[in-house]
*Asks:* 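Quick one: the structure is below, and I'll ask about it shortly.
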Number of protein chains: 2
Amino acid sequence: MVTIYDIAKKANVSPMTVSRVINNSPSISEKTRKKVEDIIQELDYIPNKQARSLISKETKLVSLVISDISNPFFTNIARGAEDKALQAGYQLLLGNSDEQTVKESRYIDLLLSTKVDGVLIAPTGDPSLANLRKLAKRRVPFVFVDRYVEGIAADLVMGDNAETTRKLVAHLVEKGHRKIALINGPSTASNARERLLAFTDALTLNGLDLIPELLIETHFLQDNFSEIVRTLMSLSPSGRPTAILAANNFIGVNTLRALREMNLQVPDEIAVACFDDPEPIPDYNPFLTVAAQPAYDMGYIGMQMLIERIEGTAPATNRKVVLPSQLIVRKSTQRS
Amino acid sequence: MVTIYDIAKKANVSPMTVSRVINNSPSISEKTRKKVEDIIQELDYIPNKQARSLISKETKLVSLVISDISNPFFTNIARGAEDKALQAGYQLLLGNSDEQTVKESRYIDLLLSTKVDGVLIAPTGDPSLANLRKLAKRRVPFVFVDRYVEGIAADLVMGDNAETTRKLVAHLVEKGHRKIALINGPSTASNARERLLAFTDALTLNGLDLIPELLIETHFLQDNFSEIVRTLMSLSPSGRPTAILAANNFIGVNTLRALREMNLQVPDEIAVACFDDPEPIPDYNPFLTVAAQPAYDMGYIGMQMLIERIEGTAPATNRKVVLPSQLIVRKSTQRS
DNA sequence: TATTTTTATGTTATCGATAACATAAAACTA
DNA sequence: TAGTTTTATGTTATCGATAACATAAAAATA
């Protein structure tokens, strides 16, 4: 491998002089600069980041730790994050936690060893606290995206859960639904908590009763949806929901599947809406009514805040950016 | 930051002894091993990969360079690649080329500086050759996924373009179509070339004429589809296609969009099918007939081959893994 | 011209870990 | 028990780059 020592020898200067040329140090004569640069070109020299990092303490690596890149919501976050990172000269390490705190933890350990400059993370939930503390202890800046964890401070970019929930409920109520089920994520996740809270508020606001059987707590990425939906739909006709609100796209899609298994027609027999669009290429085959969160922007802004933290240009106090969602009404809530 | 020197001092041993404990060297007395391990625990020591890499010449970083992570095809490749990488102790760096050779090139330069151990790449096309040569020159192993570039050898995992094309054409012919348009990717990309070749073969095989106006060469990620489709559909009624085959999901979806703009009904007025499923969460709202390539497996197998190359356990000759696609017939080709 | 200041370059030490060699202590052998 | 082998540990040099200090040469000043 070509090093500054090879360049130095060939150019008849000291390695330090080569280093200075590489780093555009001002006090280098035009003559040597030219000479060294020519040899760098000739030998096709590329600086070794590892060696540099050892001294500078920065790697120009950042990591994105999300639930699952296959979920279009996170895919778009990733794309936004990568765009911003590359633009600022950082490279993006990808990690899927699959909503498992243990997997997240293993990943964080790897990151600490790799010495990433910062982490953009959608924590699995409150149990992530220990993982985040590890980062904080080692002074690795991190920024929350989509979800946060109580008890540890960081910049945060997320969707407006309250307003989004209100919009979705209002839409369903407007369509005549009075018994709306919520299939929510785990209460350890901040977004699920906020959505539940907003949901009950929205029911009250619309003069609807809170029916405990219609509040289901499940996981954002797990497969007992057939049973959940079956249980819901086997409630007595008077207690059965006429609409289901799913707390994310994965739950939404699986709810549709479960209903299809049961030969229930959507939207005629039951309406379905969810948070986050399951369509990566929007609007080509609209069916499911969704509140689409600006995932790309969340990734982009989150990465921007992270880089500002890393580079020390961020304000001392933690920022909280809340982005609005867009209600996209499609067939799944439009009774024919 | 805690280093082996801190551990050494506290344990009253030399740094080398600490290093030996960390690396499970056999010739360490049980007593010192215990003592050192306790202090490692106590101080919460994490080895510095940068320093290690400087000597070992390996970073345990691999990179995935693809067109666009937002495309579900590549999303699934990424997920497969990440799963395998993590399992083997590697971390995955993500890079989007957006089908631009220049962007790809910039990314490769970054990778060379970061000293990744290997690269899994879907090259933008033949112009990528220079980028790949850079990798080869520096002895960075790489593996092709989805596409390859002539003139440079590497392991390869791809879909069976010939067979897949045949299946798609056969399906359309079976549905009664005699004039099938192909909206293909750029001829600089191996998969587009193979698809074109197989397409013309399949026409012959089915006794259909090759109509040059129905062979469109465009890009896998670019937006003049309205015009392309408009041109196709404004051919004389006798020359106009009754079915469109799109060379990837992006083209497929945009073709649908363009047809909708023109108020043409799919599948009644024109049928559409494409390579790759645009649905990340399969089968929830089937509309578009596709030949779904096993993207996850492509990523997983590709990463596996890459890691074998990196670790020197791969056979000397380059491997070529060709995976079959699955034809999924949906509404877009099922005339009512 | 002598002296000071500036400019250009070199030397040494360091980042954190480990390979390669060296050596003291313990264990074994004759 | 003296000599040899083995085991456990330490020392030194190195990976590639750069910070901090040092110095020779050139330019500016008196």
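This structure is a prediction, so every number in the text was calculated from the model and none was measured. To find a chain, count down the sequence lines: A is the first, B the second, and so on, and within it residues start at 1.
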*Asks:* So how far is it from B:Q50 CD to A:Q50 CD, rounded to the nearest 0.5 Å?
*Replies:* 5.5 Å

*Asks:* Just how large is the angle between the end axes of the helix from C:dT1-D:dA30 to C:dA30-D:dT1, five pairs per end, to 10 degrees?
*Replies:* 50°

*Asks:* On the nucleotide C:dG16, are OP1 or OP2 found under 4.0 Å from the side-chain N or O atoms that A:K57 carries?
*Replies:* yes

*Asks:* So, is B:S29 near the phosphate of D:dT9, with a side-chain N or O under 4.0 Å from OP1 or OP2?
*Replies:* yes

*Asks:* Write out a two-atom table: protein N or O, nucleotide N or O from nucleotides 18-23 of chain D, distance below 3.5 Å.
*Replies:*
from, atom 1, to, atom 2, distance (Å)
D:dT18, OP1, A:N23, ND2, 3.4
D:dT18, OP1, A:R52, NE, 2.7
D:dT18, OP2, A:S19, OG, 2.7
D:dT18, OP2, A:N23, ND2, 3.3

*Asks:* Looking at every strand, decide which applies to B:S27 at a 4.0 Å heavy-atom threshold: base, sugar-phosphate, or nothing.
*Replies:* base

*Asks:* Check whether any side-chain nitrogen or oxygen of B:S14 sits under 4.0 Å from OP1 or OP2 of D:dG10, and answer yes or no.
*Replies:* yes

*Asks:* Test your reading of the model: is there a side-chain donor-acceptor pair from A:D68 to the backbone of A:D98, 3.5 Å cut-off?
*Replies:* no

*Asks:* Which pair of non-hydrogen atoms, one from A:A51 and one from B:L54, has the smallest distance, and what is that distance?
*Replies:* CB-CD1, 3.7 Å

*Asks:* Quick one: label B:T32 by what it contacts on the DNA or RNA (base, sugar-phosphate, nothing), any heavy atom closer than 4.0 Å.
*Replies:* sugar-phosphate

*Asks:* Pick the closest DNA chain D nucleotide for B:L54 and for B:N12 by heavy atoms, then say which residue is nearer the 5' end.
*Replies:* B:N12

*Asks:* Please state how far atom CD in B:E30 lies from atom C1' in D:dT7, giving the value in whole angstrom units.
*Replies:* 14 Å

*Asks:* For A:F142, give me all partners under ring-ring contact (aromatic ring centres under 6.0 Å, His included), at least two apart in sequence or on another chain.
*Replies:* A:F144

*Asks:* Tell me whether B:S53 contacts the main-chain N or O of B:E58 through its side chain, where contact means a donor paired with an acceptor under 3.5 Å.
*Replies:* yes

*Asks:* What integer distance in Å separates B:Q50:CD from D:dC15:C1'?
*Replies:* 13 Å

*Asks:* Any chance the side chains of B:Y296 and B:D83 put a donor and an acceptor closer than 3.5 Å?
*Replies:* yes

*Asks:* Take atom CD of A:E58 and atom C1' of C:dC15, then tell me their distance rounded to the nearest Å.
*Replies:* 14 Å

*Asks:* Could you walk me through whether A:K320 and A:D155 pass the salt bridge (charged side-chain N to carboxylate O under 4.0 Å, His left out) test, one step at a time?
*Replies:* CA-CA 6 Å; A:K320 177 174 176 176; A:D155 289 329; over 6 Å; no

*Asks:* To the nearest Å, give me how far apart CD1 (A:I46) and P (D:dG16) are.
*Replies:* 14 Å

*Asks:* Just by distance, do the side chain of B:S97 and the backbone of B:K103 share a donor-acceptor pair under 3.5 Å?
*Replies:* no

*Asks:* Send over the distance from A:D6 CG to D:dC15 C1', rounded to a whole Å.
*Replies:* 13 Å

*Asks:* Is a donor on one side and an acceptor on the other found under 3.5 Å between the side chain of B:Y107 and the backbone of B:L94?
*Replies:* yes

